Every structure is written in C-alpha cells, then in structure tokens.
2 protein chains.
Amino acid sequence: MRKPPDATPGRGSTRERVLDVTLSLLNRHGADQVTTRSIADAAGINEGNLYYHFRTKEALYLALFDRFERASLSLLETIGGDDPSGYAGALPAWFRLSWSYRFLFRDTLAVRSAAPGLRRGLRRLAVRLMAEMARVMAAMQHAGLLRLPDGEQDRLVANIGIVSCYWVSFLTLHRGMRALTEAHMQWGCLQVRSLYAPFLTEAALAAFDRAQDPLVGRPRTTLSRPGPAAAEG
Amino acid sequence: MRKPPDATPGRGSTRERVLDVTLSLLNRHGADQVTTRSIADAAGINEGNLYYHFRTKEALYLALFDRFERASLSLLETIGGDDPSGYAGALPAWFRLSWSYRFLFRDTLAVRSAAPGLRRGLRRLAVRLMAEMARVMAAMQHAGLLRLPDGEQDRLVANIGIVSCYWVSFLTLHRGMRALTEAHMQWGCLQVRSLYAPFLTEAALAAFDRAQDPLVGRPRTTLSRPGPAAAEG
DNA sequence: GTCTATACCAAGATAGAC
DNA sequence: GTCTATCTTGGTATAGAC
C-alpha cells in the first residue's frame with residue numbers, strides 16, 4: 001500500500017495516517033492489545049519511524065484525546081434552545097461520536113495506565129460533558145419538553161451519562177462480541193431514550209413525533225430493537 | 001506480621017490469605033497495577049511461594065471469580081415471591097456484594113487479558129445474572145409492585161444491569177477517586193432505584209414505605225445523597 | 001523521514017536448596 | 001511449604017546509518 005500523493009506533500013500525512021490507524025486499532029482490538037509494533041505495522045512504517053513522529057506512546061493517546069475533546073465539546077455546545085427540532089438527532093450524533101472513540105470509554109483503565117498524563121484531561125472532560133448534559137436537560141425543561149420530579153435531574157443526568165458511556169462495555173462483557181455494529185449504537189440510543197422517556201411531556205412527544213429521527217421521537221412499532229441474533233459476532 | 005495459629009494448621013490458611021490479599025489489592029489499585037510481586041509482598045510471602053499455591057496468575061483470578069459466582073448466584077436466587085418485604089434490602093445486598101468484587105466490573109479488560117480462561121465464565125455469569133434480574137422484574141410485576149409499559153422490561157433490565165455494574169467505574173472516571181466509601185454504594189443504590197421508580201405501583205410505594213430500608217422504599221427527605229464533597233479522595 | 005539494530009525494563013514463571 | 005536465584009518474554013524506547 002503506497003502512500004497516495006497528497007495536496008500538501010510531506011506535511012503531516014504520515015502523522016495523520018498513524019493517528020487514524022491507531023484509533024482504528026484501539027477501537028477494534030482494545031487498548032491492552034495495541035503495541036507500538038502493531039501500530040507501525042498497520043501504518044506500513046517502521047517502529048523507529050513511528051517514534052520519530054510520536055516520541056512516546058503516550059503522545060499518541062494525547063493526540064487522539066485532543067481530537068475527541070474538540071469534537072465532543074463542539075457537538076454538545078450546539079444543543080439547546082426552545083425549538084424542539086433542535087434536540088432531534090442530538091442523541092444519535094453523540095452516540096456516533098462516542099462510538100468512533102469508543103476505546104476511551106471501554107478501555108479507560110488501560111488508557112490511564114498507558115497515558116497517565118491523560119487522567120486530568122479525561123476527568124476534566126467527563127465533568128464538562130456532564131455539565132453540558134445537565135444544561136441540555138434544563139433547557140428541555142425550560143422548553144416544556146421535559147418535566148422532572150424535584151431532585152430527579154441530577155440522578156437522571158448521571159444515569160444517562162453512565163448508560164451512554166458504558167453501553168459499549170456492557171455489550172462487550174455481556175455478549176462477548178468481537179465486532180460491534182452500527183445497530184448496537186442505535187440500540188444504545190433506545191436504551192438512553194428509555195431513561196428520560198417517562199418524563200417527556202405530551203408536547204414533546206407530539207413534537208418529536210413529527211421529527212424525522214425515530215430515535216428521539218415516540219417509538220414506532222416498525223422500529224424493532226436489534227435483538228441478540230444481530231449481536232453475536 | 002506473623003501468621004496467627006489456625007484451627008486447622010497448614011490446611012489452606014496461606015492460600016486463603018493470598019486470595020483475600022489479592023482481592024483487596026485488585027479492588028484498591030486496579031487489575032493493571034497488581035503484579036505477582038505485589039501480591040506476594042502484601043501476603044508476607046515470597047514470590048516463589050506464591051507460585052507454589054497458584055501455579056499461574058490466572059489461577060488466582062479463577063479462584064476469585066469462583067467465589068464471586070457462588071455468592072452472586074445464591075444471592076439473586078433468593079429474591080422473588082409475592083411478599084413485598086422480600087424485595088426490601090435486595091438491592092443494597094447486591095450492591096454490597098458487587099462492591100467487594102468491584103475489580104471484576106471496573107477492570108474487565110485487564111481481567112480478560114490476564115485470565116483469558118475467564119472470558120466464557122464472565123460472559124456466562126453476566127447472562128445468568130441478567131436473566132435473574134429479568135425474573136425478579138417479572139415477579140415484581142406479578143406481585144403488583146411494578147407496572148411496565150409493553151416492551152419496556154428488557155430495556156429496564158439492561159439499564160439496571162449497566163448502572164449497577166458500572167457505577168464504580170463512572171465514579172472513578174468522573175471523580176478521580178482513590179478510595180470509594182460505603183456512601184458511594186448507597187448513592188449507587190439510589191441511582192438504580194430511580195431507574196424503576198417511575199414504574200412502581202402505589203401498592204409498592206406503600207409497602208416499601210413500611211420496610212426498614214429507605215433505599216428500597218419511597219425516598220425520605222432526611223436521606224440525602226452524598227455529594228461531591230464526600231466523593232473526593 | 002525512514003530504516004536497522006539494539007538497549008532496557010518489568011512482569012510472569014521455573015529450578016532447586018532448605 | 002517456603003525460600004533464593006534465575007530464566008524468558010514482550011513491549012517501550014534510543015542510537016545512528018541512509
């Protein structure tokens with residue numbers, strides 16, 4: 001596999017390719033299985049060359065985390081407002097993003113031990129994301145889409161955070177899967193939806209029902225949850 | 001620290017002590033930090049001696065898992081029936097148990113890679129436990145304590161499984177904790193309770209209200225959720 | 001920028017004396 | 001059953017030629 005000629009030749013092409021390949025390996029095989037050797041092999045370069053671009057393995061993790069942090073913050077910050085249609089599709093978008101960096105959620109322990117310098121960042125981002133989620137919940141209540149019992153918001157936010165972060169881990173442990181598909185991600189959206197569904201107002205159900213994305217609206221009978229048959233590798 | 005004289009001297013005392021010490025180390029420091037060296041040190045024996053009692057590190061994990069499997073199955077199998085009081089305290093008991101083997105939930109990836117022979121067992125137990133949870137939910141519906149919308153049971157069971165399994169992981173990532181306290185476990189019980197709370201019948205609320213354990217019944221205003229202040233190490 | 005060759009280290013595991 | 005000493009492996013990282 002030769003490197004294709006690039007528009008800006010020599011500027012970052014190998015580096016970016018290494019990052020893409022590393023992300024793919026981490027997601028597919030788990031952070032504990034991915035060695036610098038395997039990364040170099042998959043990128044089609046030598047291990048020594050890899051260390052030219054990233055002086056430590058930790059630097060690789062830091063670069064990937066940086067990517068994820070930017071993407072996740074810019075995504076969550078766009079959610080809000082009084083227009084119900086603004087919330088449609090937010091959950092799938094978030095799941096899609098966390099899906100493409102799923103090693104961060106699934107292999108947290110290994111990541112932390114391979115990149116101790118990431119601990120602060122991981123925690124800071126987690127706190128930040130939870131705060132954004134809480135803000136979205138508050139905005140939905142303000143927009144009359146959600147009605148939560150007193151003191152329930154914190155618990156709901158925490159549960160949503162847990163289920164969306166650990167859905168992948170749960171599937172891996174429970175189903176013993178090798179490969180996870182897009183269908184599992186949609187299933188995860190439905191799991192999260194069922195957390196706040198009991199608190200949606202009639203107005204929200206009506207508004208979401210008109211939205212295109214069935215994952216946010218009232219569940220359709222035609223939309224069946226992907227069952228265990230699809231889950232087994 | 002000398003070994004105290006035992007009622008049955010020489011029969012299993014070192015072996016059991018090693019198991020206890022290993023469990024403690026795994027829970028406290030994480031599966032990726034615990035080496036055979038650290039286990040031997042903590043047990044007050046030599047590494048060579050450790051390998052006399054457990055021929056591989058994997059054997060240690062297998063023995064610990066066996067302990068947990070027996071305990072968890074015998075716990076869940078006792079839950080059920082039409083008497084509401086039978087359910088009071090079940091959730092805290094389950095949390096207490098999973099708490100004392102929390103490395104299994106928190107460090108799944110490391111456990112699987114250190115003990116590949118455990119994968120089948122872990123998965124089998126997970127499936128079995130979920131089935132037990134589903135059975136308990138069905139029993140609660142039969143007893144008139146719970147009323148679930150059509151098709152909601154599977155999602156509720158999955159969400160309960162996720163939150164109860166990953167509560168510890170969530171706290172570790174989110175709060176950056178060193179030490180977890182009993183308070184966090186109670187907080188976790190409240191999180192799980194809020195999952196099924198919307199579906200409890202009036203009869204259940206009344207019955208649980210009479211039960212001793214506030215975690216299963218209607219939330220008391222006097223029982224406050226432990227806040228971030230208590231969470232920080 | 002990319003390669004070859006190699007140093008270094010930590011962790012699991014074994015041999016054999018006591 | 002317990003110890004000391006040692007082997008082995010595999011993964012991160014460096015030196016230096018091209």
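Labels below follow one simple rule: chain letters A, B, ... track the order of the sequence lines, proteins then strands, and each chain is numbered from 1. Predicted model only: the values in this text are computed from it and were never measured.
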When you measure from the side-chain N and O atoms of [X] to the phosphate of [N], is any distance below 4.0 Å, counting only OP1 and OP2?
X	N	result
A/Tyr52	C/dT2	no
B/Tyr51	C/dA13	yes
A/Asn49	C/dC3	yes
B/Thr36	C/dA11	no

*asked:* Here's a test of your reading of the structure: between A/Gly48 and A/Thr35, which maps to the more 5' nucleotide of DNA chain D?
replied: A/Thr35

Round to the nearest Å and state the distance from [X] atom [atom1] to [N] atom [atom2].
X	N	atom1	atom2	answer
B/Ile39	C/dA11	CD1	P	12 Å
A/Asn46	D/dC18	CG	P	16 Å
A/His53	C/dT2	NE2	C1'	8 Å
B/Phe54	C/dT14	CZ	P	15 Å
B/Tyr61	C/dA11	OH	P	13 Å
B/Gln33	C/dA10	CD	C1'	12 Å
A/Arg17	C/dG1	CZ	C1'	12 Å
A/Leu50	C/dG1	CG	P	14 Å

*Is the centre of the B/Phe68 ring less than 6.0 Å from the centre of the B/Phe105 ring?*
yes

So which nucleotide from [options] ends up closest to the side chain of [X]?
X	options	value
B/Lys57	D/dT12, C/dA13, C/dT2	C/dA13
B/Thr14	D/dT2, C/dC3, C/dA13	D/dT2
B/Glu47	D/dC3, C/dA13, C/dT4	C/dA13

*Side chain of A/Gln191, backbone of B/Arg155: donor and acceptor closer than 3.5 Å?*
yes

*asked:* Can a donor-acceptor pair be found, under 3.5 Å and without considering hydrogens, that links the side chain of A/Glu58 to the backbone of A/Gly117?
replied: yes

*Would you call A/Glu69-A/Arg128 a salt bridge at under 4.0 Å N-O?*
no

*Below 4.5 Å, heavy atoms only, C-beta onward: do A/His53 and A/Thr14 meet side chain to side chain?*
yes

